[in-house]
Amino acid sequence: MFILLSSFKITLKLELKKGIYLFNCLKKKKNLVVGAGFSGAVIAERLANIMDEDVLVIDKNSFLGGESFDYKDKSGIMVQKFGSHIFHTNYEYIWKYLNKFSKFNMYIHKENAFIEGNEANIPFNLNSVYKVFPKKLAARLEDKLVRKYGFSTDIPILDFKTKPFFWDRELDFLASYIYENVFIHYADKKWGTKKHKIDISVFVNRDDRKYKDKYQGIPNSGYTKLIENILNHKNIKILPEVDFKNIDTTGFDRIFYTGSIDEFFDYKFGVLQYRSANFEIEEINTEFYQKTGVVNYPNNYEFLKIHEFKHYGCEKTDRTIIAKEYVSDFVLDSKCRKNNRAYPVLNSKNLEIYKLYKNEARKFKDVYFLGRLGDFMDYSMDNAIKRALEVFETIRLNDFIKESASYEEEQLIKNY
């Protein structure tokens with residue numbers, strides 16, 4: 001009997017590989033996706049396109065794309081409403097996936113920081129050393145860095161201070177200079193505290209790129225159009241300006257929630273802390289306002305950065321558009337102008353609160369949390385997409401297992 005059952009199971013698995021989704025045809029599943037950013041769009045597309053299921057996508061905004069929303073200004077410049085979004089990844093499969101919905105330009109992102117009247121490259125590298133120090137001092141620093149650490153390396157500035165056998169008066173000065181002029185005040189502006197984890201390094205190279213990933217660029221028609229193309233499927237319906245709280249969820253087989261997980265649970269364990277970013281957009285009568293797409297202002301003015309969107313496309317105009325980014329604490333007051341969750345504050349207190357919500361979420365069958373807010377993670381765009389694809393593959397595997405078990409049980413009942 002055991003041999004017969006084993007043989008039957010092997011045959012069954014082979015048959016299931018050929019047509020496991022035939023069972024879904026009897027009753028097409030319905031999915032609710034909350035949020036039309038990258039996470040929501042990707043999971044919706046996979047469910048509709050691969051599993052042939054119905055998907056309703058809702059978003060409380062009047063636009064698609066979430067934080068990556070962009071639009072064409074009257075001058076023809078593509079403006080990113082919520083600051084600069086540069087797509088970059090080392091995942092070839094994610095790059096190929098997105099290129100099915102939009103072609104990308106070959107923009108390579110570079111950032112500067114305004115330091116003592118000079119614009120220096122960020123991350124801080126050998127070119128930065130020559131931008132802020134006299135030539136003779138810069139040459140000595142370069143020589144010491146290369147001799148001690150080698151070329152094309154990166155060294156946390158704490159190494160200069162905490163490793164006695166590396167200690168050098170001038171390198172100690174360099175570490176202190178970067179900490180005081182590049183890091184500490186920037187951290188204070190962005191996070192509201194100077195007690196932020198020190199993760200800044202000196203890069204012993206002349207590579208001015210902000211990101212070193214193999215694939216980089218901006219969608220030719222913008223992020224919003226890219227999201228529209230991802231969601232353009234006969235099985236997908238989109239409802240903008242709809243709050244999840246006003247949706248009757250009965251009748252949906254699954255819910256995918258990309259909003260803030262603490263809001264889903266009515267803040268029962270407390271409010272997760274975020275920093276909010278507000279952007280003041282200005283049109284200026286000059287071809288270009290700054291040398292790079294982003295310039296950080298760690299020590300001067302109240303704003304954190306200035307974004308100049310014209311660097312990201314090929315627009316030829318005699319005007320430019322910039323956005324000054326101001327960062328403050330996120331507040332729940334819906335009437336507050338500075339009221340978006342931009343940067344999750346990943347300290348021990350917030351992570352403990354998040355664990356409570358995550359444990360609570362496990363009690364909900366067929367409700368999935370994902371995305372920057374759902375996972376309380378500071379995702380880059382490629383990692384948000386990666387996470388959505390992983391959630392989809394988990395669902396597909398679970399359905400395969402459930403349907404396999406159900407089919408096997410039915411066959412055993414018939415045969416015995």
Side-chain angles (χ1 to χ4, degrees), residues 28-48 51 53-69 81-82 223-224 227-228 230-231 233 235-274 276 330-336 338-344 350 353-379 381 384-385 387-388 391-392 394-395:
K28 186 180 287 188
K29 291 187 177 180
K30 295 181 179 180
N31 301 275
L32 174 64
V33 174
V34 182
F38 270 107
S39 300
V42 169
I43 198 73
E45 184 275 332
R46 294 285 85 184
L47 291 166
M51 298 181 73
E53 296 182 359
D54 289 330
V55 185
L56 173 63
V57 179
I58 65 170
D59 199 295
K60 63 182 179 181
N61 295 311
S62 60
F63 51 82
L64 303 179
E67 292 289 298
S68 63
F69 168 70
K81 183 177 180 179
F82 301 103
Y223 288 104
T224 300
I227 295 292
E228 287 178 2
I230 293 174
L231 291 171
H233 192 281
N235 291 349
I236 298 176
K237 182 179 180 181
I238 305 168
L239 290 180
E241 298 183 88
V242 173
D243 196 307
F244 174 68
K245 294 177 181 178
N246 299 324
I247 287 287
D248 181 3
T249 59
T250 57
F252 290 101
D253 296 284
R254 307 187 197 92
I255 297 173
F256 300 88
Y257 190 83
T258 70
S260 188
I261 191 170
D262 55 346
E263 185 175 354
F264 181 91
F265 291 106
D266 292 324
Y267 310 104
K268 64 185 295 183
F269 300 121
V271 178
L272 291 169
Q273 186 182 1
Y274 290 83
S276 179
F330 167 76
V331 292
L332 285 177
D333 182 6
S334 61
K335 296 180 181 179
C336 181
K338 302 175 182 180
N339 193 42
N340 68 318
R341 295 177 172 95
Y343 305 111
N350 285 312
I353 294 174
Y354 171 67
K355 284 181 183 178
L356 295 175
Y357 285 119
K358 192 170 181 63
N359 289 334
E360 192 74 7
R362 291 192 179 102
K363 300 176 184 178
F364 284 71
K365 183 182 178 183
D366 295 322
V367 178
Y368 301 86
F369 295 86
L370 65 158
R372 184 174 54 90
L373 305 181
D375 289 333
F376 193 60
M377 286 285 291
D378 193 13
Y379 283 134
M381 286 182 282
I385 294 168
R387 163 72 170 147
V391 170
F392 169 74
T394 299
I395 291 166

- Would you indicate whether the side-chain heavy atoms of Val391 and Thr394 approach each other to under 4.5 Å? no
- Query: When rounded to the nearest 0.5 angstrom, what is the spacing between NZ in Lys365 and CD1 in Ile255?
  - Reply: 13.0 Å
- Query: So, for Arg387 and Asp375, which heavy atoms are closest and what is the spacing to 0.1 Å?
  - Reply: NE-OD2, 2.7 Å
- Query: Can you tell if the side chain of Phe256 reaches within under 4.5 Å of the side chain of Phe392, non-hydrogen atoms only?
  - Reply: no
- Task: List the steps, then state whether side chain to side chain contact (heavy atoms under 4.5 Å, CB included) holds for Asn235 with Lys28.
- Result: CA-CA 10 Å; Asn235 291 349; Lys28 186 180 287 188; 4.0 Å; yes
- Message: Could you check whether any side-chain heavy atom of Lys358 comes within less than 4.5 Å of a side-chain heavy atom of Phe369, counting everything from C-beta outward?
- Response: no
- Just wondering, do Leu231 and Ile238 contact through their side chains at under 4.5 Å, heavy atoms? yes
- Query: Taking the six-membered ring for Trp, are Phe376 and Tyr274 ring centroids under 6.0 Å apart?
  - Reply: yes
- About how many Å separate CD1 of Ile247 and CG of Leu239, when rounded to the nearest 0.5 Å? 6.5 Å
- Message: Main chain of Phe269, side chain of Tyr357: is a donor-acceptor contact present, judged purely on distance under 3.5 Å?
- Response: yes
- Query: Which heavy atom in Ser276 sits nearest to a heavy atom in Asn340, and how many Å separate them?
  - Reply: OG-OD1, 2.7 Å
- So, for Ser68 and Gly65, which heavy atoms are closest and what is the spacing to 0.1 Å? OG-O, 2.6 Å
- Rounded to the nearest 0.5 Å, how far does OH of Tyr257 lie from CG of Leu370? 11.5 Å
- Message: If we ignore hydrogens and angles and just use 3.5 Å, is the side chain of Asp266 paired with the main-chain N or O of Lys268 as donor and acceptor?
- Response: no
- Query: Are Pro240 and Phe63 close enough that some pair of their side-chain heavy atoms sits under 4.5 Å apart?
  - Reply: no
- Note on the structure: Heavy-atom nearest pair, Ala44 first then Val57, reads CB-CG2, 3.8 Å
- By side chain to side chain donor-acceptor pair (under 3.5 Å) - contacts of Gln273 (at least two apart): Asn350
- Message: I'd like to check Val34 versus Lys60 (side-chain heavy atoms, cut-off strictly below 4.5 Å). Are they in contact?
- Response: no
- Task: Dump the intermediate steps for ring-ring contact (aromatic ring centres under 6.0 Å, His included) on Phe244 and Phe264, then the final yes or no.
- Result: CA-CA 9 Å; Phe244 174 68; Phe264 181 91; 5.7 Å; yes
- Message: Measuring from atom CG of Leu356 to atom CG of Leu272, what distance do you get when rounded to the nearest 0.5 angstrom?
- Response: 9.5 Å
- Flag, side chain of Arg372 to backbone of Arg341, donor-acceptor distance under 3.5 Å: yes
- Task: Keeping the roles fixed (side chain from Asp262, backbone from Tyr267), state whether a donor-acceptor pair exists under 3.5 Å.
- Result: no
- Taking all non-hydrogen atoms of both residues, which atom of Ala36 and which atom of Ile227 are closest, and how far apart? O-CG2, 3.6 Å
- To the nearest 0.5 angstrom, please state how far the CG atom of Asp59 sits from the CG atom of Leu64. 7.0 Å
- Message: Apply side chain to side chain contact (heavy atoms under 4.5 Å, CB included) to residues Leu56 and Phe252 and explain how you reach the verdict.
- Response: CA-CA 9 Å; Leu56 173 63; Phe252 290 101; 3.8 Å; yes
- Sorted by chain and residue number, the side chain to side chain donor-acceptor pair (under 3.5 Å) partners of Tyr354 (sequence neighbours excluded) come out as none
- Check side chain to side chain donor-acceptor pair (under 3.5 Å) between Thr250 and all other residues, then give those that pass, not counting sequence neighbours. Asp248
- Rounded distance [0.5 Å steps], CG in Asn359 versus NZ in Lys363: 8.0 Å
- Item | Trace of the side chain to side chain contact (heavy atoms under 4.5 Å, CB included) decision for Tyr223 with Glu67 | CA-CA 10 Å; Tyr223 288 104; Glu67 292 289 298; over 6 Å; no
- Inspect the contact between Arg254 and Glu53 and indicate whether a charged nitrogen and a carboxylate oxygen are less than 4.0 angstrom apart. yes
- Minimum side-chain heavy-atom gap Asp54-Asn31 below 4.5 Å: no
- Can you see which heavy atom on Gly371 is nearest to which on Ser39, and at what distance? CA-OG, 3.2 Å
- Message: Set out, in order, the CA-CA distance, both residues' side-chain angles and the distance that settles side chain to side chain contact (heavy atoms under 4.5 Å, CB included) for Leu32 and Thr249, then state yes or no.
- Response: CA-CA 8 Å; Leu32 174 64; Thr249 59; 4.1 Å; yes
- Query: Is there a side-chain contact between Glu360 and Lys355 (heavy atoms, below 4.5 Å)?
  - Reply: no
